[in-house]
Each structure stands twice: as C-alpha cells, then as structure tokens.
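A note on names: the letters A, B, ... follow the listed sequences, proteins ahead of strands, and every chain is numbered from 1.
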There are 2 protein chains.
Amino acid sequence: MDAAELSRMFKALSDPGRLRLLSLIASHEGGEACVCDLIGPFDVSQPTVSHHLKVLREAGPVGSERRGTWVYYWVLPEALAKLSALLQTPAVPAKVSG
Amino acid sequence: MDAAELSRMFKALSDPGRLRLLSLIASHEGGEACVCDLIGPFDVSQPTVSHHLKVLREAGPVGSERRGTWVYYWVLPEALAKLSALLQTPAVPAKVSG
DNA sequence: CGGCTGTATCGACAGTCGTCGATACAGAAT
DNA sequence: ATTCTGTATCGACGACTGTCGATACAGCCG
C-alpha cells in the first residue's frame, strides 16, 4: 500500500455524505443495504448517491452485489482495519515514507 | 466529532504529498521537523509545502511552533488515534450516523 | 538601521469534485 | 414483447483544490 493508494482510500472517506452512507450501510439490518434504502435518508439525488457508492466501491471500503432487481452494498471491515492500523502506528510509518 | 469534522480530517490525509509530509515529520529526528527539512525531499515549491502544512495543522493531525527563525512541525498521535479508533469499530459507528 | 534567510500569504490558473437532470441499462411482471 | 421499477451512466455546471511565481512577514546578523 503506497501513498497514492492510501490517499485514494482517505479521499473516499473525505466526504461527509460518503461517511454517512458508510455508517448507514454498516448499521443497516444484516450489515448490508440496497441502494433504495440509502436514497431516502439523504437530501441528494439518486444519481449522486449512486456516484458516491461507486467511489466507495472503487476505493475499497465497501463491496456490492446485484440480487435480482436490487443492488446491495456492505462494508468491508478489513479495508478499514488497514487504515486504522496505519494511523495507530508511530504515525504513518516507514511503509509510506520509503 | 461529527461527520463534517471527520471528513475534514480524512480530506487532510487524502493527498499523497500530505501523507508523505506527515510521514517525513514523524520519522524525523526528535519527532519534529522544520519546514526547511521538508522542502528538499519534494518536487513541489516551498509555498505548496507551506500550504499543505497549513491544511494538516488546521485539520488537526500536526502541531507547529516557531522557534527563532525556523518553524517546527510535529505529529499529534492523539488526533490520528481518534480516526484509527473510528475505523476499528463495527465500521463508522452511531456517533457518525446520529 | 539595512540586508539576509526562512516561512507564510496572495492572486491566478488548470484540474478535480459534488451535484443535478436526462437518459440508458437490468431484471421482474404482466 | 411491453411496461414498470431500481440502479448506473452521461453531460454539464459551479465550487473547491493543488500548484505556481510574486510578494509580504518574521527573526537573525552585520
């Protein structure tokens, strides 16, 4: 994991809406939510929600799958754990600086 | 810590240059570095480095102090630890969603 | 004081981001 | 097949970001 990939992950988390999406997904029943569950709670349009979900998906911290009509999203704790570990260390360690 | 403040922290970490700055500061002798130590290793100009340092300072994860001619920067592990803790939990917990 | 060095701010510019409405695609039901 | 609903993509727009050169500010040294 280099600085570029790291920064991509952080960038995905740098939008309040995406943080709330992540939270909403994680706290949803069964640990997953379909897009239709995520559109209601937000003031933004459906395309915008879809866009944010795409950003999260491509950055790493969520997975998704189509099941018939609906598309479900869930949080990938491993991806978040990696970031967490990096922040815990003596502060962004040699892996990044090298 | 609400979603807006969280996102500000993440945004500060969402630039590869700032991540490397953070790493450089943390790994520097004594845990702190003056700006002059940070300009050399980068391809960007001094004003740009200064700008990134300001972003980091205002977002939280670094502190700074002028000592005579030089200005020193150091990492604030507590700020990073907060983020780390949030990412560790069942994934961006109730504090954010509420 | 005047000049020198380290750092910050300013103004400008290109590029990216979040957002939207319109539209296309996917699957289910009739 | 047609139609309906859920989701994704497209094209466009304003706002923000990273970057720079020029310049201002701060502190040291003659």
May I ask you to say what B:His51 touches in the nucleic acid, namely base, sugar-phosphate or nothing, with a heavy-atom cut-off under 4.0 Å?
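Base, at least one base atom sits under 4.0 Å.
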
When we call it a touch if two heavy atoms are under 4.0 Å apart, what does B:Tyr73 touch: a base, just sugar-phosphate, or nothing?
sugar-phosphate

Euclidean distance, [Y] [atom2] relative to [X] [atom1], rounded to 0.5 Å:
X       : Y       : atom1 : atom2 : answer
B:Leu53 : B:Ile39 : CG    : CD1   : 8.5 Å
B:Tyr73 : B:Lys54 : OH    : NZ    : 9.5 Å
A:Phe10 : A:Leu86 : CZ    : CG    : 6.5 Å
A:Glu32 : A:Trp70 : CD    : CH2   : 13.5 Å
A:Leu80 : B:Gln88 : CG    : CD    : 10.5 Å
A:Ser84 : A:Glu78 : OG    : CD    : 13.5 Å

Check B:Glu5 with B:Lys82, please: is the shortest side-chain N to carboxylate O separation under 4.0 Å?
no

Given that A:Thr48 and A:Lys11 both sit by DNA chain C, which one's nearest nucleotide is further toward the 5' end?
A:Lys11

Please confirm whether the shortest side-chain N or O distance from A:His52 to OP1 or OP2 of C:dT19 is below 4.0 Å.
yes

If you compare every side-chain N and O of A:Lys54 against the phosphate oxygens of D:dT7 (OP1, OP2), does one of them come in below 4.0 Å?
no

Length of the line joining [X]:[atom1] and [N]:[atom2], which is rounded to integer Å:
X       : N      : atom1 : atom2 : answer
A:Asp15 : C:dT19 : CG    : C1'   : 11 Å
A:Arg20 : C:dG18 : CZ    : P     : 15 Å
A:Arg8  : C:dC17 : CZ    : C1'   : 16 Å
A:Phe10 : D:dT17 : CZ    : C1'   : 18 Å
B:Tyr72 : C:dG6  : OH    : P     : 12 Å
B:Leu56 : C:dA8  : CG    : P     : 12 Å
A:Arg18 : C:dG18 : CZ    : C1'   : 8 Å

Counting side-chain heavy atoms from C-beta on, which of C:dT7, D:dT9, D:dG21 comes nearest to B:Val71?
C:dT7

Can you tell me if B:Ser23 uses its side chain to pair, donor with acceptor, with the backbone of B:Leu19 under 3.5 Å?
no

Under 3.5 Å: donor-acceptor pair, side chain of A:Arg57, backbone of A:Ala59
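Judged by distance alone, no pair lies under 3.5 Å.
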
Pull out every residue in residues 32-46 of chain A that has a heavy atom closer than 4.0 Å to any atom of DNA chain D, ordered by number, or say none.
A:Cys34, A:Val35, A:Cys36, A:Gln46

So which protein nitrogen or oxygen atoms get under 3.5 Å of nucleotides 25-30 of chain D's nitrogens or oxygens?
none

